[in-house]
**Q** 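What follows is a structure written as structure tokens; I'll ask about it next.
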Amino acid sequence: LDAGGFALLWRLLEREGVPVSREELGAALTAATGRERESGAVARRLAVLKKALAKWPGEIESARGGLCRLVSAPKRGA
């Protein structure tokens, strides 16, 4: 992962199980990269992050209202 991807992962880990807004993730991305983010940058970085974590048993879930949540334990019955 690059600095931006790591920043998103770190923010999600800090709030594990709790929905995080794309604005908050965008702020973390901006702080990590030191520059303003482009439109759609958070969505693109989340897609790359999800792919990088594909073999991990947890997941990054999308929640209502444009929120994301990191869930480290596999869902029951899955």
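Keep in mind it's a predicted model, so treat the numbers as computed, not measured.
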**Q** Strictly below 4.0 Å, N to O, side chains only: are E16 and R69 in salt-bridge contact?
**A** no
**Q** Do L46 and R22 make a side-chain contact, defined as non-hydrogen atoms from C-beta onward lying under 4.5 Å apart?
**A** yes
**Q** Could you check whether atom CH2 of W10 has more than 12 heavy atoms from other residues, nucleotides or ligands sitting under 6.0 Å from it?
**A** no
**Q** Taking side chain as C-beta onward, heavy atoms only, is E24 less than 4.5 Å from L29?
**A** no
**Q** Any side-chain heavy atom of V20 within less than 4.5 Å of one from L67?
**A** no
**Q** Can you tell me how far CZ of R15 sits from OG of S21, rounded to the nearest 0.5 angstrom?
**A** 7.5 Å
**Q** Working note: I60 + V71, criterion side chain to side chain contact (heavy atoms under 4.5 Å, CB included); need CA distance, chi angles, decisive distance, verdict.
**A** CA-CA 6 Å; I60 298 172; V71 180; over 6 Å; no
**Q** If you apply the rule side chain to side chain contact (heavy atoms under 4.5 Å, CB included), what do you find for R45 with L25, and how did you get there?
**A** CA-CA 10 Å; R45 296 283 184 130; L25 293 173; over 6 Å; no
**Q** Would a single hydrophobic cluster contain both L1 and L53, if residues Ile, Leu, Val, Met, Phe, Trp and Tyr are joined by side-chain heavy-atom contacts under 4.5 Å?
**A** yes
**Q** Kindly give the heavy-atom pair with the smallest separation between A7 and A28, and that separation in Å.
**A** CB-O, 3.7 Å
**Q** Measure the SG-NZ distance between C68 and K50 for me, rounded to the nearest 0.5 Å.
**A** 6.0 Å
**Q** If you take all heavy atoms of A32 and A3, which pair is closest and at what distance?
**A** CB-O, 3.7 Å
**Q** Should L49 and L13 be regarded as members of a common hydrophobic cluster, given that ILVMFWY residues are connected when their side-chain heavy atoms come within less than 4.5 Å of each other, either directly or indirectly?
**A** yes
